[in-house]
Amino acid sequence: MVSTQSVDVTSGLRYLPKSTNSLEKSSPNQELLPLTTKVNDLDHLEIGGWDVPALVDKFGSPLYIVDEYTLRTACRQYRDGLKKYYPGESLVLYASKAWSSLAICAICASEGLGIDVVSGGELYTAIQAGVSPDRIYFHGNNKSLAELTFAMEIDCIIVVDNWLELETLAALKNQQKEQLQNPTKIMVRFTPGIECHTHEYIRTGHIDSKFGFDPNQLNDIFAFISKQELLSLVGLHAHIGSQIFEVQPHQDLISVMVDVMVDAMKYNLPIKEINIGGGLGIRYIEADDPPSIETWVRQISIAMVDACEARQLPLPRLLCEPGRSIVGPSCVTAYTVGSQKQIPEIRTYISVDGGMSDNPRPITYQSVYQSLIANRLSYPTTELVTIAGKHCESGDILIKNATLPVTQPGDCLVVMATGAYNYSMASNYNRLPRPAAVLVGDQEVNVILQRESYQDLLSQDTLPERIAMFPKLTT
Ligand code: LLP
């Protein structure tokens, strides 16, 4: 049926950042577009001073476009906010699962952030990006023996998730006792009993998560760790969810974690660090209204100080590990519009040259995005259309009910806020090469991910000779 939603007759200009005068004060996670976004004389979208349709002409389509200024601003707002509002030590970790690549990790590290990794691959990427191992925290609910050994050799901090991992680590360390070695630094992850859903949260007694220790295991865990000479417990970790628009769940989390800090002290284990995970939400559509990074940091800092004061504890080093709100708002994906299909009285499909392979979030989570036509930014948005990807899958829809100007094949369509969990979850479904990514900065545009070629798609394929030798039947 025809949608009854009324079409907003304005233009793509409405998505531009609110204030371009005091860029550093805008919180990236509250904007739909990178902070440097403007409209230029050609009526084109410009990011970081670069004309977006021209970038597509040069680097191809689809194209992830990352604005360095916005990425760095998000890092700085976390880092400087904690320095400003938290009287103790602090460290921000970038949760690299949101987008793990050399350039993104190196930029975050150059802003003083550590990195959270969840696999040997992410660990390797962070190391190759030049991140110092003492600022890398290794998570994961089923780390392999090879991953644990790698992490121990690198000497990063291991966030222990379960008994098997703890016992394996202890055994590995004890096997190597003869060689002189430093204790491995560990954190303990537990499920705090706070469940978060995007716009609401509930505290529950019942804790159903594959990650971390159940709180009632913690006494046994602490007793075990207190006997391990070669494992050094530095802190506690918990993560309550993602794309959260309230601060209260994290404030509640802090209170739970500080109580556990007191429990650990009974085992002579002073907790030096508390890591409250990530989760701050970002604006994907105009209706989204997340708190700013600064507000979030201020509130959690106050909560930690209050919780420690109430229990007369020294302030721990406060860690948080945002992913989405660091990298999400810094990036857009530019596509080229292709075929259109009008189904009278039902809907109009506009197809683009990517889809669920470069952005699997709509089909996976029914996530919503907004879009604009980057080569006619001020044209009135009079059309209500559905933006489809090019995959052989009916559900490959990027945006339902998008409002756009009248589009033509060849137009440059931009989907906003695609930096987090797009490239990192991208696939080669239907053997589509994954897009290139460019980093736009003041002076230069740099390719930070090469576009995959057809040869790349075959790079891991092997054709055993005996199979290749089969005659190819033609009848
Ligand atoms: N720390 C831990 C232990 C996590 O599991 C996560 C995210 C983060 C930090 C970072 O959370 P953020 O600040 O990005 O919300 N693929 C999903 C998101 C999965 C998040 C998984 N964990 C999506 O596309 O929405």
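All ligand and atom numbering here is 1-based and tracks the order in the structure.
The aromatic rings of Trp296 and His250 stand perpendicular to each other, their planes meeting at an angle above 60°, with 30° marking the opposite boundary. Ring pair Trp163/Phe213 is perpendicular by interplanar angle, where above 60° counts as perpendicular and below 30° as parallel.
Residue contacts with ligand 1 do not include Ala420, since none of its heavy atoms lies under 4.0 Å from the ligand. Ligand 1 lies within reach of Gly279, whose nearest heavy atom is under 4.0 Å from it.
Within 6.0 Å of the NZ atom in Lys185, the count of heavy atoms belonging to other residues, nucleotides or ligands does not exceed 12.
Under 4.0 angstrom from ligand 1, the non-hydrogen atoms of Asp116 all belong to its side chain. Within the 4.0 Å heavy-atom criterion, neither part of Ala98 lies near ligand 1.
In terms of protein heavy-atom proximity, atom 9 (C) of ligand 1 is nearest to Glu321 O, 3.2 Å. Nearest protein heavy-atom contact of atom 8 (C) of ligand 1 is His239 CE1, 3.4 Å. In terms of protein heavy-atom proximity, atom 2 (C) of ligand 1 is closest to Lys97 NZ, 3.2 Å. Annotation: atom 24 (O) of ligand 1 to nearest protein heavy atom, Arg361 NE, 2.6 Å. The protein atom (non-hydrogen) at minimum distance from atom 15 (O) of ligand 1 is Ser242 OG, 2.3 Å. Atom 18 (C) of ligand 1 has as its closest protein heavy atom Arg324 NH2, 3.6 Å.
In this structure, the side chain of Asp288 engages the main chain of Tyr284 through a donor-acceptor pair within 3.5 Å.
Shown are Lys25, Lys83, Lys84, Arg76; of these, the salt bridge (charged side-chain N to carboxylate O under 4.0 Å, His left out) with Glu294 is made only by Lys84.
For residues 425-438, the set of pairs meeting the salt bridge (charged side-chain N to carboxylate O under 4.0 Å, His left out) definition, not counting sequence neighbours, comprises Arg431-Asp461, Arg434-Glu452. Evaluation of the salt bridge (charged side-chain N to carboxylate O under 4.0 Å, His left out) test over residues 260-283, restricted to residues two or more places apart or in two chains, returns Asp263-Lys266, Glu273-Arg317.
Counting only heavy atoms from C-beta outward, the side chains of Leu45 and Thr37 approach each other to under 4.5 Å. Within the 4.5 Å cutoff, side-chain heavy atoms of Met304 are placed close to those of Val258.
Looking at ligand 1, you won't find any N or O of Ser325 less than 3.5 Å from one of its N or O atoms. Polar contact with ligand 1: absent for Pro322 (N/O pair, distance under 3.5 Å). For ligand 1, none of its N or O atoms has an N or O atom of His139 under 3.5 Å away.
The atoms of ligand 1 that sit less than 4.0 Å from any heavy atom of Ala95 are 8 (C), 9 (C), 10 (C). With ligand atoms numbered from 1 in the order given, ligand 1 contributes 9 (C), 13 (O) to contacts under 4.0 Å with heavy atoms of Gly278.
Distances from atom 20 (C) of ligand 1 to the heavy atoms of Tyr421, Tyr365, Tyr137 show the closest one on Tyr421.
With rounding to the nearest 0.5 Å, the separation of CG in Leu384 from CG in Asn401 is 4.5 Å.
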